[in-house]
Amino acid sequence: MTMLLWDYEMSSARGVLEGTSPAKRLALAVSAIEWTINTMTPPIETDQVRGYLSVVVDACRQAVQAGNTWVSLSDEMLDSYDEVDEIAEEPGTSHMLSAVLACCDPTEDLSAERAYGILSFCYEGSLDREGVEEWTLEAERANSRCRAVIDYQKSLIATVE
């Protein structure tokens, strides 16, 4: 298995997330998703993907504001995920769809493992979006976007430590 720079830099986050309440984990995950989408260059162009992400991120934001520990989506939104993911051909967009869907499990609170996975989806989506040819530690360290995503996520983790 290839180790990404993110794996090295964020390994301690797993333990921090374990010790964090599900509501705080959700807030942290939603912040990471929003920041990642809002700072993607270029912005997501596919209308259906951008629209789906917007609706789900809004639902995530509302869940956080209500103090919830998971996000509830309509059956219609859940059912349309596969269709939207099929057309998500822009680099990084499929990762972001996976990140938002990981917030939406009404059967259980957002676990530390899923929150960690969401952070990873955000990083991998950014890495893919950047078009980094080779996913190596050296190439990732040389990429300012990769470093910015890690720095932002570390700052989020620091708020819950």
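Taken from CD1 in I44 to CG in L53, the straight-line distance is 5.0 Å, to the nearest 0.5 Å. The structure places SG of C122 at 7.5 Å from CD1 of I37, a figure rounded to the nearest 0.5 Å. The distance from the CG atom of L4 to the CG atom of D7 is 4.5 Å, given to the nearest 0.5 Å. Here CG of L127 is found 9.5 Å from CG of L5. Values are rounded to the nearest 0.5 Å. Interatomic distance, T93 OG1 to D128 CG, rounded to the nearest 0.5 Å: 8.0 Å. Note that OG1 of T36 is 12.0 Å distant from CZ of R129, once rounded to the nearest 0.5 Å.
At a cut-off of 3.5 Å, with distance as the only test, a side-chain donor of E140 or Y123 sits close to an acceptor on the other residue.
The hydrophobic clustering, which links ILVMFWY residues whose side-chain heavy atoms are closer than 4.5 Å, places M40 and V132 apart. Neither I33 nor L28 shares a network with the other; the hydrophobic side chains, linked directly or stepwise wherever heavy atoms of I, L, V, M, F, W or Y lie under 4.5 Å apart, form separate groups for each. Y152 and V16 fall within the same hydrophobic cluster, defined by Ile, Leu, Val, Met, Phe, Trp and Tyr side-chain heavy atoms under 4.5 Å apart, directly or through other members. In the hydrophobic clustering of this structure, W135 groups with V149; members are Ile, Leu, Val, Met, Phe, Trp, Tyr whose side-chain heavy atoms approach within less than 4.5 Å, directly or through other members. Both I150 and L17 belong to a common hydrophobic cluster when Ile, Leu, Val, Met, Phe, Trp and Tyr are linked at side-chain heavy-atom distances under 4.5 angstrom.
Pairs passing the side-chain hydrogen bond (donor to acceptor under 3.5 Å, both in side chains) check and including a residue from residues 15-35, sequence neighbours excluded, read E34-R61. Residues in residues 144-156 take part in these salt bridge (Lys or Arg N to Asp or Glu O under 4.0 Å) pairs, two or more places apart or across chains: E9-K154. Residue pairs meeting the side-chain hydrogen bond (donor to acceptor under 3.5 Å, both in side chains) criterion with at least one member in residues 45-54, sequence neighbours excluded, are T46-E90, D47-R50, Q48-E83. Identified under the ring pair (Phe, Tyr, Trp, His ring centres under 6.0 Å) test for residues 93-121, with sequence neighbours left out: W6-Y116. Applying the salt bridge (Lys or Arg N to Asp or Glu O under 4.0 Å) test to pairs two or more places apart or on separate chains, those with a residue in residues 113-124 are R14-E113, E108-R114.
For the residue pair A29 and C103, the shortest heavy atom distance occurs at CB-SG, 4.5 Å. V100 and L97 get closest at one heavy-atom pair: CG2-O, 3.2 Å. Considering every non-hydrogen atom in both A99 and I118, the closest pair reads O-CG1, 3.7 Å. For M10 against I157, the heavy-atom pair with the smallest separation is CE-CG1, 4.1 Å.
Q153 contributes a side-chain N or O that, together with a main-chain N or O of L119, makes up a donor-acceptor pair within less than 3.5 Å.
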Could you give the side-chain donor-acceptor pairs of residues 64-76 under 3.5 Å, partners two or more places apart or in another chain?
{"residue": "T69", "atom": "OG1", "partner": "D109", "partner atom": "OD1", "Å": "2.4"}
{"residue": "S74", "atom": "OG", "partner": "M77", "partner atom": "N", "Å": "3.1"}

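Using a 4.5 Å heavy-atom cutoff, the side chains of L101 and L78 are in contact. In this structure, Y81 and S98 have side chains that are in contact, with non-hydrogen atoms separated by less than 4.5 Å.
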